Each structure stands twice: as C-alpha cells, then as structure tokens.
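One structure is given here, and the rest of the page talks about it.
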Amino acid sequence: MNNYFVWIEITANSALIINEALFSGAMEKCAKCGIDSVVLSVKDTSGFVLYPSKFAPHYSKFDERFSDIDYLKRCLSIIHDKGMKVYPAFDVFAEGNKKKKHPLMKGLTEEGWMCEVYGLNAKGQPVVQKVSDETPIETIGSIDDFGEIFVNPANDEVVSYELSLIEEVIRNYDVDGIVLDRVRYVGLSSDFSGLTISKWKKLSGIEGDIDLKDIYSLSKKDGKTEIEYGKYFGSFNTFRAQMIHDFIKKVRALTDRAGRNIDFIDYTGSWYPLYHLVAANWASPEHRELSYPATDPEAYAKTAYIRHVDRMMSGFYYEDVEIKEARQHNAPADWYSVEGSADIAYSVTKREKPIIGSLFLDQYKSAPENIRRAIDMCFKKSDGCMLFDLCYLVHNDWWTYAKR
C-alpha cells in the first residue's frame, strides 16, 4: 500500500500551484524521492477552493494571483502522470480568518455558522462572543490560534455544506482518497452559541436554564487564567466529541456510496492527552482515557471514531526523534518525540487502523540531517510517513534528506 506522502498547502505553495511547469518539476522530484502519494489542499482555512465548485468560492476570488481555472484537475493529471496517488485535503471546520477577512468567507457571511467562544473580558467578567469579534478575550484550552474562523460542528447547515464539498470532489474527480484536517473545535472555549447549548441540553436531557459556570468557570490568579470544572463539564465535552464522531461517520457513509475505493484518511495531532480540548476522539472505542478532567471515560469512549476511517495521519511534530532525546531535554512526556508519538498513537487506537507518522519539516531547519532520522523513525514505528510541507523541500533543497 502507498505509504509515503507529501502535503501541499495552498498559500505556502501558491507559486508552484499557479505555474504548471514548476509544479510538474516539483512532482518529478517527489517521485524520484520515493514519495508515492500527494496530499493536495483543495480547500484551506480561508474556505476558498482550487476547483470550480457549486458551493464554495474559487481561490482566484481570494488571491488574485490565481486564475479562474480548475487547479485540482490540472494538478491531479500531473501527479498521476508521475505515478503518484492524489488525495485532496479539506480544512473542514475552518471557514475564514479574522486576520485576513474577505466578504465571501462563509464563516463571516452565513448567519449562525461561526463558533462563539467563552472567556473573560478585560474586566475579568465571563462573556460569550463570536470568533470574529476583535474584542480581546482570555480563553483557555486552545491548541492553536492562527486567527481562523471556526464554524460550529453542531450546526446541521455547516455539516451539510462541508459534506457537499467533499462529495462533489469525490464524484467529479478521479481521486485516490481524501484527507480531512481540522475536524475539531479550536479549544475548550467553543462552541457556546445558543444553538449548541440548546442541542446539548436536549440530547443530554437537561431541563431549565443553566449557568455557564456549571460547565466551567475561569478566574485570574497571579496573572494566570485558571479553570474550575462544573458539574456539566464532562457531559458538555462528551457532547462536543459526539458531534465530531457523527461528522466522521457521515463522511464514511459518503465515501462508501462513491461506488469505488476511496481511501479515507483523517489527520490529527498525536498528543491525545490534550485532545479533549478540541473534542476530537480519534482513539479506539476500546480505549478508556482516565486523564481527562471531570469526564466519564465510559461515556467518552462511545465518541471514538477511528473505526470509521481507513487510515490516520498522526502529527509526530517534535524535534526530538528518539524518546531518549526527549528525556535528555526534560520533555514533559515521552510522546514529545517522534518515537514516543508513535507509541501513544498506537496505544490509544489499539492498532485498529494503520497510522501514518507525520513530520513538520520546518522543525528540523537547525539540524536538517535529522529529517532522514525522523523519516526512518516514522517508517520503523508507524505504517508510513507524511511530510508537511512541500514548500520546505523546495525552498531549502532538502530532497536528499527525503529520498528513500
């Protein structure tokens, strides 16, 4: 089975995607390195797409350097001609960016789609506001924040829209599979919209008004924001994980209806002990996570979704390759290494599905010779390797390190 992937993010590789000859040359180098599969982002966090869609705006409307052409069709042909497989990638629940707003971003234009976040305002008072609100707010439990406008996985309109994009690509293009990213929440702070609270209460059998502090409350102490979990925290966070599970299951049904073999891959980080923050339970339903605060392990296990995908890409995003190196650097845990990431990923998934170890190449810029070691570790400890991102191979001329 194909197991050596390179990811192509749109913004970082725009010059290559736009120029057919440059793109072909880069794909030729990938093939010569032994890479057998290409993950091509067709819908990134902006919400714009690289192909003519019935539903989403074309990328040329977001970035004027792009022409109004079908880049997916062109790139797909080039990649297949080089003997590699093609996996369109979708940044699912990200629909815009508040740092680079555009009037066609769905997160901004569609009423009730964007997530609403819960935190403390400048006066230390609890507030709920939209992601796009520029007012500073102190939140907790966010894995990353690049200004992305996340939309609500509990909103049926959002779910239908994201599924429609995936389906039109599967139906209209000869793709070998799909890769999903950002099938999650941005952190504990979302979503606290009226829609989400209402849906959670209904599914959980909770009647009457609730105070958000019954989920959790925040306070400032010695300059730090602290959290106190309420009686409903476990229920609410399990509900969020259920929304993610249900979406993954819908994508599974969609790929099964395609009438041909579509390899369904989901990307997540490997740091499972922190993943309750974003409510993506990519583990096996046989796994019981005892470290999640104020959460029933049995109830949470029912939201596990690895059985609904064909393979997982897991971010082994650490500079240290071996566990012993992480220990020498006093890392908080062994999984702060490529080797340790593989161990924890297989531990929580019970080896139910293949896992492709994934590397963030820019982490090795000070010691690029470690790229080969990290790749070797992925192949030794997992079922393959994904390199993020092509731009680092091209701009740094790291092809020698990537060759197998």
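Please read all numbers here as calculations on a predicted model, not as lab measurements.
- When the shell of 6.0 Å around NZ of Lys220 is examined, it contains more than 12 heavy atoms from other residues, nucleotides or ligands.
- A salt bridge links Arg404 with Asp376: at least one charged nitrogen is closer than 4.0 Å to a carboxylate oxygen.
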Legend entry - Verdict with supporting geometry, Glu352 and Arg307, salt bridge (Lys or Arg N to Asp or Glu O under 4.0 Å): CA-CA 7 Å; Glu352 289 195 8; Arg307 290 181 181 176; 2.8 Å; yes
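- One N or O on the side chain of Asn172 and one on the backbone of Glu168 form a donor-acceptor pair closer than 3.5 Å.
- A salt bridge between Lys199 and Asp191 is absent, with no side-chain N of the basic residue lying under 4.0 Å from a carboxylate O of the acidic one.
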Inset, instruction - Evaluate side chain to side chain donor-acceptor pair (under 3.5 Å) for Asn281 paired with Thr303, printing each intermediate quantity in order. - result: CA-CA 6 Å; Asn281 186 8; Thr303 69; 3.0 Å; yes
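- Listed here is the closest heavy atom pair of Arg184 and Ala280: CB-CB, 4.2 Å.
- When each of Asp63, Asp91, Leu50 is paired with Ile10, the side chain to side chain contact (heavy atoms under 4.5 Å, CB included) condition holds for Leu50 and for no other.
- In this structure a side-chain-to-backbone donor-acceptor pair under 3.5 Å is present from Lys403 to Lys32.
- Taking a cutoff of 4.0 Å between a charged side-chain nitrogen and a carboxylate oxygen, Glu157 and Lys106 do not qualify as a salt bridge.
- Under the 6.0 Å distance and 45° angle rule, Arg182 does not count as a cation-pi partner of Phe150.
- The backbone N or O of Asp266 sits nowhere less than 3.5 Å from a side-chain atom of Asp181 that would complete a donor-acceptor pair.
- Taking the charged nitrogens against the carboxylate oxygens, Lys85 and Asp263 have no contact shorter than 4.0 Å, which rules out a salt bridge.
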Inset, instruction - Test salt bridge (Lys or Arg N to Asp or Glu O under 4.0 Å) on Lys381 and Glu322 and set out the steps. - result: CA-CA 11 Å; Lys381 296 283 290 188; Glu322 298 180 35; over 6 Å; no
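- Looking at Ser77, its side chain never comes within 3.5 Å of a backbone N or O of Lys73 through a donor-acceptor pair.
- Using a 30° and 60° split on the angle between ring planes, Phe192 and Tyr216 fall in the perpendicular class, above 60°.
- No cation-pi contact links Lys61 to Phe66, judged by a cut-off of 6.0 Å to the six-membered ring centre and 45° from its axis.
- Checked for salt-bridge contact, Arg327 and Asp334 meet the test: a charged N lies under 4.0 Å from a carboxylate O.
- Between Lys324 and Glu339 there is no salt bridge, since no side-chain N of the basic residue sits under 4.0 Å from a carboxylate O of the acidic one.
- Under the 6.0 Å cut-off for aromatic ring centres, Tyr305 and His245 do not qualify, their centroids lying 6.0 Å or more apart.
- Ring geometry, Phe360 versus Tyr317: the interplanar angle falls from 30° to 60°, so the pair is classed tilted.
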Inset, instruction - Starting from the C-alpha separation in whole Å, work towards a yes-or-no answer on ring pair (Phe, Tyr, Trp, His ring centres under 6.0 Å) for Tyr272 and Trp282. - result: CA-CA 8 Å; Tyr272 189 81; Trp282 46 272; 5.2 Å; yes
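- In this structure, CE on Met313 lies 4.5 Å from CD1 on Ile356, to the nearest 0.5 angstrom.
- Side-chain N or O atoms of Asn396 include none that pairs as donor or acceptor with a backbone N or O of Trp398 at under 3.5 Å.
- At distances below 3.5 Å, not a single donor-acceptor pair connects side-chain atoms of Lys29 with backbone N or O atoms of Leu393.
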Inset, instruction - I would like to know whether Glu167 and Lys54 meet salt bridge (Lys or Arg N to Asp or Glu O under 4.0 Å); could you show each step before the answer? - result: CA-CA 11 Å; Glu167 185 172 23; Lys54 292 181 180 178; over 6 Å; no
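- No donor-acceptor distance shorter than 3.5 angstrom exists from the side chain of Asp222 to the backbone of Lys224, with no hydrogens or angles considered.
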Legend entry - side chain to side chain donor-acceptor pair (under 3.5 Å) evaluation trace for Ser14 with Arg65: CA-CA 8 Å; Ser14 56; Arg65 293 175 298 170; 3.2 Å; yes
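- Counting heavy-atom neighbours within 6.0 Å of Arg171 CZ, excluding the residue itself, gives a total of 12 or less.
- Arg373 and Glu369 are not joined by a salt bridge, as no carboxylate oxygen comes within less than 4.0 angstrom of a charged side-chain nitrogen.
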Inset, instruction - Please step through side chain to side chain donor-acceptor pair (under 3.5 Å) for the pair Gln242 and Asp246, ending with a clear verdict. - result: CA-CA 6 Å; Gln242 188 67 47; Asp246 292 353; 2.8 Å; yes
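- Interatomic distance, OH of Tyr232 versus CZ of Phe239, reported as 15.0 Å (0.5 Å rounding).
- Checking Tyr87 against Asn2 by side-chain atom types alone, a donor-acceptor pair falls below 3.5 Å.
- Using modelled atom types, one side-chain atom of Ser382 and one backbone atom of Cys378 make a donor-acceptor pair closer than 3.5 Å.
- A distance of 10.0 Å separates OG in Ser189 from CG in Leu277, rounded to the nearest 0.5 Å.
- Under 3.5 Å, the side chains of Glu286 and Ser284 contain no donor-acceptor pair of N or O atoms.
- Side chains of Ser358 and Trp7: a donor-acceptor N/O pair is absent below 3.5 angstrom, by distance only.
- Asp68 and Tyr59 share no side-chain donor-acceptor pair at under 3.5 Å.
- A donor-acceptor pair is defined here as one N or O able to donate and one able to accept, closer than 3.5 Å; such a pair exists between the side chain of Ser46 and the backbone of Phe48.
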Inset, instruction - Could you check Asp383 against Asn3 for side chain to side chain donor-acceptor pair (under 3.5 Å), going step by step and ending with a plain yes or no? - result: CA-CA 7 Å; Asp383 293 279; Asn3 63 357; over 6 Å; no
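- Cation-pi check for Arg351 over Tyr346 is met; the charged atom lies under 6.0 angstrom from the ring centroid and within 45 degrees of its normal.
- Between Tyr275 and Trp271, the angle of the ring planes lies from 30° to 60°, which puts this pair in the tilted group.
- Under a 4.0 Å N-O distance rule, the pair Lys82/Glu28 qualifies as a salt bridge.
- Taking 4.0 Å as the cut-off between side-chain N and carboxylate O, Lys98 and Glu148 do not count as a salt-bridged pair.
- Between Tyr292 and Tyr300, the distance from one ring center to the other falls under 6.0 angstrom.
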Inset, instruction - Please assess Arg74 against Asp70 for the test salt bridge (Lys or Arg N to Asp or Glu O under 4.0 Å), listing each intermediate value before the final yes or no. - result: CA-CA 7 Å; Arg74 190 169 81 181; Asp70 193 336; over 6 Å; no
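- Between Tyr392 and Tyr364, the distance separating the two ring centers is not shorter than 6.0 angstrom.
- A side-chain N or O of Thr225 and one of Glu138 form a donor-acceptor pair less than 3.5 Å apart.
- In this structure a side-chain-to-backbone donor-acceptor pair under 3.5 Å is present from Lys353 to Val309.
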